[in-house]
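What follows is a set of notes on a single structure, which appears directly below.
Counting starts at 1 for both ligands and their atoms, in listed order. Hydrogens, waters and symmetry mates are skipped; everything else that's a heavy atom, side chains included, is used.
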Amino acid sequence: MRVAYVQMEPRLLEVDRNLSRAERLIKDAAKEGAKLVVLPELFDTGYNFETRGEVEDVAMQIPDGQTTEFLVELARELEVFIVGGTAEKDEKGKLYNSAVIVGPIGLGYIGKYRKIHLFYREKLFFEPGNLGFRVFNIGIAKVGVMICFDWFFPESMRTLALKGAEVIAHPSNLVMPYAPRAMPIRALENRVYTITANRVGEERGLRFIGKSTIASPKAEVLAMGSESSEEVGVVEINLELARDKRLNELNDVFKDRRPEFYFV
Ligand code: ACM
């Protein structure tokens, strides 16, 4: 199975422009045979909002909003699964930093995740996620979804892996330098594949680090993006490796856990 990250540079508040940019890159990934394509966090709206009003103007309902409908249509046309980060406004007007997962014919909208660990000024605009960590069985793989800063909390990926995730889709807008180094270790700890789709560029003085990363259950970096270019990374993965939690005939990283000693 081939999987991809889309590394792109969204422009703040320019939704139509960002959707068409994403479309070109998703098509590039599909042409290279990717069946699961991951987009950055807030790929449709940009990130560095100044006011809540700005977010309200661009956030949409899920699934009845322009971004989800756009992704559903593209997934149908290209016969791919897509995970992408988007600003969500629920029916009561509450705002979430969310991600949607959509699939090809007959599937359409599959589900959403709302970011649980909000980073810095996101706390001024968004509600913390309230749906838990979710794993979506899309037939070709079990996909766990988390968003950017969630990676900093090992519990996020551990929870997804314990719930059966084989691949972690990780839409991101990274600004700190650590995740490209840390994600291969998270992948190793949980024996899963990780796809971090980061953005590039700068918004209002905030620079994003690029370096989108696909890591293997053996902590290998299978693909890494540049620091500043829009590009796609496509690699073949072997899910059997993610299903096997054994390190040798006596150690299994899940069965060997001792949760009775982990809580304080
Ligand atoms: C982040 O969570 N966007 C750093």
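- Judged purely by distance below 3.5 Å, without hydrogens or angles, the side chains of Y47 and E122 pair a donor atom with an acceptor atom.
- The salt bridge (Lys or Arg N to Asp or Glu O under 4.0 Å) with K115 is formed by just one residue from the set E88, E127, E41; it is E41.
- Outside the 6.0 Å centre-distance limit, the rings of F149 and H117 are not counted as a close aromatic pair.
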Side chain to side chain contact (heavy atoms under 4.5 Å, CB included) evaluation trace for V3 with I214: CA-CA 9 Å; V3 299; I214 302 179; 4.3 Å; yes
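- Using cut-offs of 30° and 60° on the angle between ring planes, the pair F152 and Y178 is perpendicular.
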Mind listing the N or O contacts between ligand 1 and protein, cut-off under 3.5 Å?
from: ligand 1; atom 1: 2 (O); to: K115; atom 2: NZ; distance (Å): 2.7
from: ligand 1; atom 1: 2 (O); to: F149; atom 2: N; distance (Å): 3.1
from: ligand 1; atom 1: 3 (N); to: E41; atom 2: OE1; distance (Å): 2.9
from: ligand 1; atom 1: 3 (N); to: Y47; atom 2: OH; distance (Å): 3.4
from: ligand 1; atom 1: 3 (N); to: E122; atom 2: OE2; distance (Å): 3.4
from: ligand 1; atom 1: 3 (N); to: N173; atom 2: O; distance (Å): 3.3

As a quick check of understanding, evaluate side chain to side chain donor-acceptor pair (under 3.5 Å) for R158 and N190, giving each step before the final call. CA-CA 6 Å; R158 180 64 103 199; N190 293 291; 3.0 Å; yes
